Amino acid sequence: MSEIETAATATGKGAKLRRHALVAAIFMMATSAIGPGFITQTATFTVSMGATFAFAILVSVLIDFVVQMNIWRIVTLSKCRAAELANRAVPGTGYLLAVFILLGGFVFNVGNIAGAGLGTNALLGMDPKIGGLISALIAVAIFLSRRAGLLMDRVVVVLGVVMLLMTLFVAGVSHPPVGEALSQSIWPDSINFATIVTIVGGTIGGYITYAGAHRLLDQGMVGEENLAAVTRASVTGIVVTGVMRFVLFLAVLGVVSAGLVMDTTGHAANPAAQAFQAAAGDLGLRVFGAILWGAAITSVIGAAYTSVSFLTVFLPSLTERGRAYATVAFIAASLATYVGLGTAPAALLVFAGGFNGLILPLGFSLFIYVGWARRDLLNGYSYPRSLLILGTIVCALTWYMGFKSVGSIFAFLGQ
């Protein structure tokens, strides 16, 4: 083979690896954002708020856009994980951020395993705790695999596509009032800050903020030379999650608008399952179970992977294999907590989103500070003022909403 052919082959392989890295990051972010927490939150709030919940979803998508555009850019430009960058910007804050992310990721992962249990219950009639146990063991097997990274990426991408297609099917048969939903998304009859914070937390709060960016970092997609591709990937990921959010909301809204009364507070309440069953009968229930299980297992993977990536700020010498074992321990601890917890799974999933929504402003504030004042940490890159201005507005908004809703969010645990 000539030198030109060798170079062309190497270039082709490099392009394929870059595409793989970008697709993996897109679906790591998307499936983390569309986990069992969001599915359960969507059903719960659609039952209580009806079409006005469309406004909260629209706000969550807009916040998602601003947050992810900034986080993905700054992480890849700095070539540092979030906690390490925070420590360089303001010494000590990276440790605080890591503690909050690990705590929030743990709460979310307990909820993710609970969601997996609810999914297997709807799909197979299995006891939720047994279903959660089996799902956690599957996630552990993925991380213990010698090709854990590749296996993780493929599982996340395949299940992400299947979830989207199945949800589109149920939205089609539930006949939602699309016109009313569009109207309420722009001019709602009422605004509930606790709802917005909870749905934002369930789709972009806590570890989810950094899932895609850290996956890109681990795969070497860093520096200004990859910025255009990273930006396109972040926008694509936001579009995918935005479409999924509205489609899921419409699927539940169609059922609620038809007059179905659903249980959202009982210990065994599974409001989304009730909605899907009402829309498409027994098939709808099984489809829901598959969607929820897919959302849960991919979120267990995303939550564990991203949360443990913050451990490196405390243990810089942690090897890739060491991270895999730490991830397994993280999943095992989440499982043990879920099995021993008395809180209803649906209530836990709603609380997890709200809790992570309260964490979001802390990390995002540090990133906005880096964009404004620490160009040296971005290797001299001149950061777009438009993104910083939007980021500052969103950051202030998340602080305000968190302050207004903290009491309501913790009240979810009492349900």
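Here the structure is a predicted model, which is why all the values come from computation and not from measurement.
- V243 places a side-chain heavy atom less than 4.5 Å from the side chain of V247.
- Contacts of Y325 classified as ring-ring contact (aromatic ring centres under 6.0 Å, His included), with partners at least two apart in sequence or in another chain: none.
- The distance from atom OG of S299 to atom CD1 of I39, rounded to the nearest 0.5 Å, is 8.0 Å.
- Ring geometry, Y381 versus Y383: the interplanar angle exceeds 60°, so the pair is classed perpendicular (tilted spans 30 to 60°).
- Using a 4.5 Å heavy-atom cutoff, the side chains of L227 and T231 are in contact.
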Determine, stepwise, if the pair N109 / V300 fulfils side chain to side chain contact (heavy atoms under 4.5 Å, CB included). CA-CA 6 Å; N109 222 32; V300 168; 4.0 Å; yes

Apply the test side chain to side chain contact (heavy atoms under 4.5 Å, CB included) to residues L253 and E180: give CA-CA distance (whole Å), side-chain angles for both, the deciding distance (0.1 Å), then the verdict. CA-CA 10 Å; L253 181 63; E180 184 184 2; 5.9 Å; no

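- Minimum interatomic distance between T392 and I368 (heavy atoms only, all atoms of both residues): OG1-CG2, 3.6 Å.
- The environment of CZ in R286 is crowded: more than 12 heavy-atom neighbours from other residues, nucleotides or ligands sit within 6.0 Å.
- Qualifying ring-ring contact (aromatic ring centres under 6.0 Å, His included) partners for F364, counting only residues two or more places apart in sequence or in other chains: none.
- The two residues K79 and G223 have their closest heavy-atom pair at CE-CA, 3.9 Å.
- In this structure, CD1 on I138 lies 13.0 Å from CZ on F143, to the nearest 0.5 angstrom.
- By the 4.5 Å heavy-atom criterion applied to side chains, M244 and F249 are not counted as neighbours.
- Using a distance-only test at 3.5 Å, with no hydrogens or angles considered, a donor-acceptor pair links the side chain of H214 to the main chain of A82.
- Evaluation of the side chain to side chain donor-acceptor pair (under 3.5 Å) test over residues 128-137, restricted to residues two or more places apart or in two chains, returns S135-W293.
- Taking the side chain as every heavy atom from C-beta outward, P384 and R73 approach each other to under 4.5 Å.
- Side chains of L159 and I297 form a contact here, defined as non-hydrogen atoms less than 4.5 Å apart.
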Using the side chain to side chain contact (heavy atoms under 4.5 Å, CB included) rule, take F367 and V75 through it: C-alpha gap first, then chi angles, then the decisive distance, then the call. CA-CA 9 Å; F367 273 74; V75 165; 3.6 Å; yes

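- Counting heavy atoms from C-beta on, the side chains of V255 and F276 never come closer than 4.5 Å.
- In this structure, CG on L285 lies 8.0 Å from CZ on F288, to the nearest 0.5 angstrom.
- In this structure the side chain of R245 never reaches within 4.5 angstrom of the side chain of T42, judged on heavy atoms.
- None of F106, Y210, Y305 except one satisfies the ring-ring contact (aromatic ring centres under 6.0 Å, His included) rule with F310; the exception is Y210.
- We find the OG1-CD1 distance between T327 and I142 to be 12.0 Å, quoted to the nearest 0.5 Å.
- Considering every non-hydrogen atom in both F314 and L102, the closest pair reads CE1-CD1, 4.4 Å.
- Looking only at side-chain heavy atoms (C-beta outward), F53 and V252 stay at 4.5 Å or farther from each other.
- Separating the CE atom in M69 from the CD1 atom in I238 is a distance of 6.5 Å, to the nearest 0.5 Å.
- Closest heavy-atom contact between N121 and M126: ND2-O, 3.0 Å.
- For the pair N87 (side chain) and G92 (backbone), a donor-acceptor distance under 3.5 Å is present.
- A 6.0 Å sphere centred on CD of E320 holds no more than 12 heavy atoms belonging to other residues, nucleotides or ligands.
- Proximity of a side-chain donor or acceptor of T120 to a complementary backbone N or O of G117 within less than 3.5 Å is detected.
- Between S309 and R323, the shortest heavy-atom distance links the atoms CB-NH2, 3.7 Å.
- The main-chain N or O of A171 is found under 3.5 Å from a side-chain atom of S174 such that the two form a donor-acceptor pair.
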Stepwise side chain to side chain contact (heavy atoms under 4.5 Å, CB included) test for R81 and L217: CA-CA 8 Å; R81 291 193 177 92; L217 191 66; 3.4 Å; yes

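- A donor-acceptor pair is defined here as one N or O able to donate and one able to accept, closer than 3.5 Å; no such pair exists between the side chain of S183 and the backbone of G179.
- Rounding to the nearest 0.5 angstrom, the gap separating the OG atom in S334 from the CZ atom in F108 is 12.5 Å.
- Summarising the geometry of V230 relative to M221, their closest heavy-atom pair is CG2-O, 4.1 Å, with the distance given to 0.1 Å.
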